[in-house]
Amino acid sequence: MARIRSFEPSTQDVKRHPTEVDCQYQSFLDNGVRLLHLSTFGSDHRSSRPKSSQSMQLDARSAAELITIIKDAFPELGNL
């Protein structure tokens, strides 16, 4: 688990993942700071019962930055 500190453009050679997973989210306060916690869970083909595989947390600043990144990636979303 990690709190996202920054976002940077990537030059990795990425491709679409072959599997899909579910993501649960939760918002909570930590010492007066609102955080958004995202957890992904193993694929449907996982041999064990579903458990959290990856998780990340965003504060208001990193969430705002991610909103900008998402709007740039998906201009068809308009002014949502």
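The chain is numbered in sequence order, starting from 1. When reading the values below, keep in mind they use all heavy atoms of this one structure, side chains included, and skip hydrogens, waters and symmetry mates.
Side-chain atoms of Phe41 and Gln54, non-hydrogen and from C-beta on, never get closer than 4.5 Å to each other. The shortest side-chain heavy-atom distance between Arg5 and Ser62 does not fall under the 4.5 Å cut-off. Contact check for Leu77 versus Ile70: side-chain heavy atoms found under the 4.5 Å cut-off. With contacts defined as side-chain heavy-atom distances shorter than 4.5 Å, the pair Tyr25/His37 does not qualify.
Heavy-atom contacts from other residues, nucleotides or ligands closer than 6.0 Å to CD of Gln12 number 12 or fewer. Enclosure of atom CZ in Arg34 by more than 12 non-hydrogen atoms of other residues, nucleotides or ligands within 6.0 angstrom is indicated.
Within the model, atoms CG of Leu66 and CD1 of Ile4 stand 7.0 Å from one another, a figure rounded to the nearest 0.5 Å. With rounding to the nearest 0.5 angstrom, the OG1 atom of Thr40 is 13.0 Å from the CD atom of Glu20. Taking CG of Leu36 as the reference point, atom OG of Ser27 lies at 6.5 Å (rounded to 0.5 Å).
Considering Leu58, Asp30, Leu29 in turn, Asp30 is the only one that fulfils the side chain to side chain contact (heavy atoms under 4.5 Å, CB included) rule with Leu35.
One hydrophobic cluster holds both Phe7 and Met56 under the rule that ILVMFWY side chains link at heavy-atom gaps under 4.5 Å.
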